[in-house]
Amino acid sequence: MTVPTYEKLTPPRQGTRVTVDANGRWHIPDDPIICLLRGDGIGRDVGEAPGITTCAARVLDAAVEKAYGGKRRIHWFDIHAGDVAREMYFPNVKDEQVNALSEDQQRQLYLPDDTLKAFEYYSIGLKGPLTTPIGGGFRSINVYLRIRFDLYACVRPVRYFKGVEAPNKRANKVNMVIFRENTEDVYCGIEFKSGTEKAKRIIDLLREMGYTNVLPSAGIGIKPMSPEGSKRLIRMAIRYAIDKKLPSVTLMHKGNIMKFTEGAFKDWGYELARQEFAAQTISEDDVYKGGDAKGKVIVKDRIADSMFQQVQLRPDEYSVIATPNLNGDYLSDAAAALVGGIGLAAGANIGDRAAMFEATHGTAPKYTGKNMANPGAVLLSGVLLLEHMGWGEAANLVNHAVESTFAESEEIAQKGPGGKLFVTYDIARQFPGYGEKAGVSSSAFSERIIHHLHGG
């Protein structure tokens with residue numbers, strides 16, 4: 001691939017590009033160049049106040065240095081999207097002008113060609129939260145990146161960290177990884193506005209096919225789901241469970257109602273397990289019939305509404321969950337709430353040739369430049385990045401240091417209000433007697449994690 005040239009970006013002078021070969025194997029050098037999208041709102045740096053992405057990167061750098069003694073190092077390449085990109089590339093475009101622009105012009109406002117070229121060339125990145133564009137044509141930077149680079153698997157681990165005052169009394173049993181399909185379902189954005197000619201044509205076609213219960217005034221959305229798209233997502237989930245020696249993969253669906261989309265997702269999942277992983281998996285039905293599950297991954301399914309109950313009542317029965325797009329969006333946020341909120345919700349968008357690791361929460365603009373938001377979600381997304389690169393030693397250091405920081409604050413809080421905590425406000429206010437002002441800054445939280453990373 002030809003080395004790209006940029007309008008306003010400057011790649012690192014040192015470092016080596018990550019590559020993916022024709023067989024889909026990732027080749028990670030000891031000095032990889034990683035694209036860094038610091039993001040908007042709490043993600044961006046403002047003056048002397050670091051954003052959460054900067055805080056997270058500092059911890060990751062410290063962990064790599066500690067784990068490998070200088071033999072490995074990440075070289076961050078700052079690229080831009082969202083409001084930051086608009087200010088840099090198109091500072092003179094006013095809000096009232098945006099809707100008059102074409103969808104591609106709106107995309108360039110918030111996701112410049114420089115950024116797309118950089119990510120296409122370097123293949124891997126870490127991303128903070130980004131602003132949803134104002135215009136009605138270009139809907140979402142995140143969705144565009146996922147579809148443009150075929151990042152078909154949204155991987156969201158949800159686990160309990162000791163020391164976090166989680167609202168669910170079974171939170172300590174939560175340790176699951178949700179694989180959410182990323183490119184199909186209603187997120188394709190195939191919609192037709194109420195009253196438009198396109199909507200009328202679709203409604204007329206539906207009525208010709210016998211669906212007379214659709215009102216002429218309805219807006220219309222299309223929900224495409226394919227065996228190819230579903231199977232590659234489920235394949236990744238099953239491989240993950242096998243590699244990590246996890247007990248089960250659960251197919252979450254609403255197939256009792258949507259039989260040819262979500263019901264098909266379930267059927268394609270079982271079919272894939274039989275055809276490609278017969279020696280390593282067994283269906284839950286076969287286990288009930290007396291089949292031997294020893295050393296095998298149990299493949300089971302749950303209807304979506306039941307699944308929301310299951311993860312609260314019996315979370316330890318679910319280790320890997322594979323779901324269509326919209327279900328996975330709901331479930332991953334709900335599961336994160338069980339263990340303390342989306343401030344700790346890591347995420348990864350992974351394809352066969354590119355991967356972007358990102359926090360799952362929003363930009364929280366009212367906290368911009370205040371150095372008080374929780375960098376945990378970006379940091380734990382960075383842990384997924386380290387694991388994806390095979391740098392497990394550094395990833396484990398971060399996880400243990402985060403746990404130690406939470407446990408330390410829990411011990412202090414148990415002695416009663418008044419002690420100094422070392423967590424940000426969103427975690428601090430969950431301890432009895434502590435309010436929002438009890439937390440430390442984003443940077444102080446990350447420095448405390450680094451402190452524990454070096455042994456406390």
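Remark: R159 is positioned above the aromatic ring of F161, its terminal NZ or CZ atom under 6.0 angstrom from the ring centre and at most 45 degrees off the axis. Geometrically, R180 engages Y187 in a cation-pi contact, judged by NZ or CZ lying under 6.0 Å from the ring centre and within 45° of the ring axis. K296 forms no cation-pi arrangement with F277, by the criterion of a distance under 6.0 Å to the ring centre and an angle within 45° of the ring axis.
No donor-acceptor pair closer than 3.5 Å links the side chain of D150 to the backbone N or O of Y152. Here the side chain of S230 pairs no donor or acceptor atom with the backbone of P227 at under 3.5 angstrom. In terms of modelled atom types and a separation under 3.5 Å, the side chain of S446 and the main chain of S443 share a donor-acceptor contact. Checked by atom type and distance alone, the side chain of T115 never pairs as donor or acceptor with a backbone atom of L111 at under 3.5 Å. Of the possible donor and acceptor atoms, none in the side chain of T424 sits under 3.5 Å from a partner among the backbone N and O of A373. A distance-only check finds a donor-acceptor pair linking the side chain of D45 to the backbone of G51 [under 3.5 Å]. Using a distance-only test at 3.5 Å, with no hydrogens or angles considered, no donor-acceptor pair links the side chain of Y122 to the main chain of T19. Remark: side-chain polar atoms of N371 are not paired, donor with acceptor, to backbone N or O of A49 under 3.5 angstrom. A distance-only check finds a donor-acceptor pair linking the side chain of S381 to the backbone of G347 [under 3.5 Å]. In this structure, the side chain of Y240 does not engage the main chain of L246 through any donor-acceptor pair within 3.5 Å.
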Subject >> Steps toward side chain to side chain contact (heavy atoms under 4.5 Å, CB included) verdict (K300, Y318) >> reply: CA-CA 10 Å; K300 52 191 177 181; Y318 301 95; 4.0 Å; yes
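In this structure, the separation between OG1 on T363 and CG on D40 is 6.5 Å, given to the nearest 0.5 Å. Distance CG/L233 to OG1/T323: 7.5 Å, rounded to 0.5 Å. S226 OG to W268 CH2: the interatomic distance, rounded to the nearest 0.5 Å, is 6.5 Å.
Remark: of the listed residues F77, Y121, Y89, F77 is the sole one forming a ring pair (Phe, Tyr, Trp, His ring centres under 6.0 Å) with Y6. Each of E317, E262, E284 was scored for a salt bridge (charged side-chain N to carboxylate O under 4.0 Å, His left out) with R302, with one residue passing: E284.
Using a 4.0 Å cut-off between charged side-chain N and carboxylate O, E87 and R44 make a salt bridge. Taking the charged nitrogens against the carboxylate oxygens, D113 and K8 have no contact shorter than 4.0 Å, which rules out a salt bridge. Between E408 and R448, at least one side-chain nitrogen of the basic residue sits less than 4.0 Å from a carboxylate oxygen of the acidic one, meeting the salt-bridge criterion. With salt bridges taken as basic N to acidic carboxylate O contacts below 4.0 Å, one links R72 and D30.
Ring centroids of Y367 and Y425 are separated by less than 6.0 Å, placing the two rings close together.
Atom NZ of K173 has 12 or fewer neighbouring heavy atoms from other residues, nucleotides or ligands inside a 6.0 Å radius. Shown here is Y330, whose OH atom has no more than 12 heavy atoms of other residues, nucleotides or ligands within 6.0 Å. Atom CD of E411 is surrounded by 12 or fewer heavy atoms from other residues, nucleotides or ligands within 6.0 Å.
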